[in-house]
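Written out below as structure tokens is the structure these notes cover.
Along the sequence shown, residues are numbered consecutively beginning with 1. Computation of the quantities below employed the complete heavy-atom set of this structure, encompassing side-chain atoms and omitting hydrogens, waters and symmetry-equivalent molecules.
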Amino acid sequence: MSENTVVVGSRKSQLALIQTNTIITKLKECHPRLEKTIHTITMSTTGDNILDSALSKIGEKSLFTRELENALKEKQVDFVVHSLKDLPTTLPDGLTIGCVYRRDDPCDAVVMSFGNRDKTLADLPDGSIIGTSSLRRSAQIKRKYPNLVIQDIRGNLNTRLSKLNESNYDAIILAKAGLERMGWHDVIKEVLTPDICMYCVGQGALAVECRADDEETLRLLSPLHDNDTALRCIAERAYLKKLEGGCSVPVCVQTEIKNGELMIRGGVYSIDGEESVLDSLTEKLPLTDDSEPKQKKARKTKRHQYAGIIESDSMSHEMFLLAEQLGTRLAEKMLSNGADTILTKTKSIMAEEIRKEMAKKEAMKKEKLESEAQTSQASSQTSSLV
Ligand code: DPM
């Protein structure tokens, strides 16, 4: 952060920019006397550039975050706004989630093609084609609606909606939060409740990533930290971390804070949706202790992190620790009840898929080079004739 400017990093997509601007607007609201200008710079990430493979077949974590994280580490930017679900459970050394912003509805939503606009998934005829590249969505849909056919679809939200109406998909499944942030409430024909499709860890929440030792930025972000969202997302990320899942395994979750209790429910599926381990845990939250307004005191100790999320100034350490331990415990329970076998099998299938995808791309590259070489040979022969 220079003396006069805060520099924010963002992906270039319309959704990423909307999310970044939401955070900037809120920051200005929380700090009306902020005397710095806030400036945004945009970058493309690996995930934005590889558009011909399903995310799960690219075989890399940090697909949408690495380039932006490098800019953070090199101090070219002061913070980066992400969809929390795109942030791996282990962050690069020296970086942290400085705040999680109040979560929107984390559920998935169905967008129907024009011809099916009055239907729901349950009414679609056998063999209807559902577009998604998420193994999590596809496994749960296959399980609930074995009569439907899942087909990969890639690209940002704009691309996917145009593919829906121009290709042979009958419906596509996307996060409700993303669609609503784009202002596309009208296209949502059905919201998938967790009994049909549990969501992705962190879905619907925005996370602001910054350097863990950048006190000035952490203080700036602190009023945006939403405690309920943070508690739920800490439990979810601790659960995913223990399962060692990423976007290449079908892992899903649901959390709730109600009557002073935190509930986490999880699911691990096989790729075809036929095998699954589902379980849940609930724990009473300790009563909040408001007698100690920590934010007023100067900070002497290093801030703790829970599943990569920084502690909040307005909530007790015990709460965050409890959430982290609850997530980890659920994962341990599920692993010992068969989730470990499903995960091991799924990971080896996906490793093979990734190898095949890489070989396919290599072959395509070779073919392209050969055909280019032939064309140039042909043209040099032509030119020697004239
Ligand atoms: C991750 C997944 C997807 C995104 C995997 C999953 C969906 C991929 C696909 C980790 N990131 O959900 O099981 O459908 O092929 C993504 C979206 C949002 C953030 C779009 C979406 C917006 C919602 C949010 C892509 N990342 O899921 O429809 O902020 O939670």
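Evaluation of the salt bridge (charged side-chain N to carboxylate O under 4.0 Å, His left out) test over residues 11-28, restricted to residues two or more places apart or in two chains, returns Arg11-Asp48, Lys26-Glu29. Every pair tested for salt bridge (charged side-chain N to carboxylate O under 4.0 Å, His left out) that includes a residue from residues 109-124 fails, sequence neighbours excluded, so the list is empty. Applying the salt bridge (charged side-chain N to carboxylate O under 4.0 Å, His left out) rule to pairs touching residues 249-260 yields Glu256-Lys258, sequence neighbours excluded.
Neither side chain, Arg232 nor Gln254, offers a donor N or O lying under 3.5 Å from an acceptor on the other. There is no side-chain donor-acceptor pair under 3.5 Å between Ser113 and Asp170. For Gln14 and Asn156, the side-chain atoms include no donor-acceptor pair closer than 3.5 Å. For the residue pair Ser312 and Asn227, a side-chain donor N or O sits within less than 3.5 Å of a side-chain acceptor on the partner.
By the side-chain contact (heavy atoms from CB on, under 4.5 Å) test, Lys144 is found to be paired with Ile196, residues two or more places apart in sequence or in another chain being considered. Applying the salt bridge (charged side-chain N to carboxylate O under 4.0 Å, His left out) criterion to Arg329, with sequence neighbours excluded, gives Glu283. Applying the salt bridge (charged side-chain N to carboxylate O under 4.0 Å, His left out) rule to Asp213 yields no partners; only residues at least two apart in sequence or on another chain are considered. Remark: Tyr306 engages His317, Phe320 in a ring pair (Phe, Tyr, Trp, His ring centres under 6.0 Å) (not counting sequence neighbours). In terms of the salt bridge (charged side-chain N to carboxylate O under 4.0 Å, His left out) criterion, Lys73 has no residue partners (sequence neighbours excluded). Partners of Glu352 by side chain to side chain donor-acceptor pair (under 3.5 Å), not counting sequence neighbours, listed by chain and number: Arg355. Legend: residues meeting salt bridge (charged side-chain N to carboxylate O under 4.0 Å, His left out) with Arg137, ordered by chain and number and at least two apart, are Asp108. With sequence neighbours left out, His82 forms a side chain to side chain donor-acceptor pair (under 3.5 Å) with Glu209.
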Below 3.5 Å, can you tabulate the donor-acceptor pairs from side chains in residues 180-193 to any protein atom, sequence neighbours excluded?
{"unit_1": "Arg181", "atom_1": "NE", "unit_2": "Asp104", "atom_2": "OD2", "d": "3.3"}
{"unit_1": "Arg181", "atom_1": "NH1", "unit_2": "Gln19", "atom_2": "OE1", "d": "2.5"}
{"unit_1": "Arg181", "atom_1": "NH2", "unit_2": "Asp104", "atom_2": "OD2", "d": "3.3"}
{"unit_1": "Arg181", "atom_1": "NH2", "unit_2": "Gly204", "atom_2": "O", "d": "3.0"}
{"unit_1": "Glu190", "atom_1": "OE1", "unit_2": "Leu121", "atom_2": "N", "d": "2.8"}
{"unit_1": "Thr193", "atom_1": "OG1", "unit_2": "Asp195", "atom_2": "OD1", "d": "2.4"}

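Pairing each heavy atom of Ala109 with each of Leu179, the nearest pair is CB-CD1, 4.1 Å. Closest approach of Thr328 to Lys242, counting heavy atoms only: CG2-CD, 3.5 Å. Nearest heavy-atom pair, Leu243 versus Lys347, reported as atom, atom and distance to 0.1 Å: O-NZ, 3.7 Å. In terms of heavy-atom proximity, Ile342 sits nearest to Thr346 at O-OG1, 2.6 Å. Minimum heavy-atom separation, Ala230 to Ile309: O-CD1, 4.4 Å. When all heavy atoms of Val8 and Ile38 are compared, the closest pair comes out as CG2-CG2, 3.5 Å.
In this structure a side-chain-to-backbone donor-acceptor pair under 3.5 Å is present from Ser336 to Glu332. Side-chain atoms of Asp152 never come within 3.5 Å of backbone atoms of Ser133 as a donor-acceptor pair (strictly under, hydrogens ignored). At least one donor-acceptor pair under 3.5 Å links the side chain of Arg211 to the backbone N or O of Leu72.
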Next on the checklist: side-chain contact (heavy atoms from CB on, under 4.5 Å), that's the test. Do Val77 and Ile41 meet it? Break it down for me.
Outcome noted: CA-CA 8 Å; Val77 300; Ile41 57 177; 3.5 Å; yes
Checklist entry - Between Val268 and Ser276, is a side-chain contact (heavy atoms from CB on, under 4.5 Å) present by the stated rule, with each step listed? => result CA-CA 6 Å; Val268 170; Ser276 64; over 6 Å; no
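With respect to the salt-bridge test (charged N to carboxylate O, under 4.0 angstrom), the residues Lys241 and Glu236 do not qualify.
In this structure, Ile264 and Val253 have side chains that are in contact, with non-hydrogen atoms separated by less than 4.5 Å.
Looking at Val208, Ile310, Ile97, Asp313 one by one, the single match for side-chain contact (heavy atoms from CB on, under 4.5 Å) with His225 turns out to be Ile310.
Glu35 CD: 12 or fewer foreign heavy atoms inside a 6.0 Å radius.
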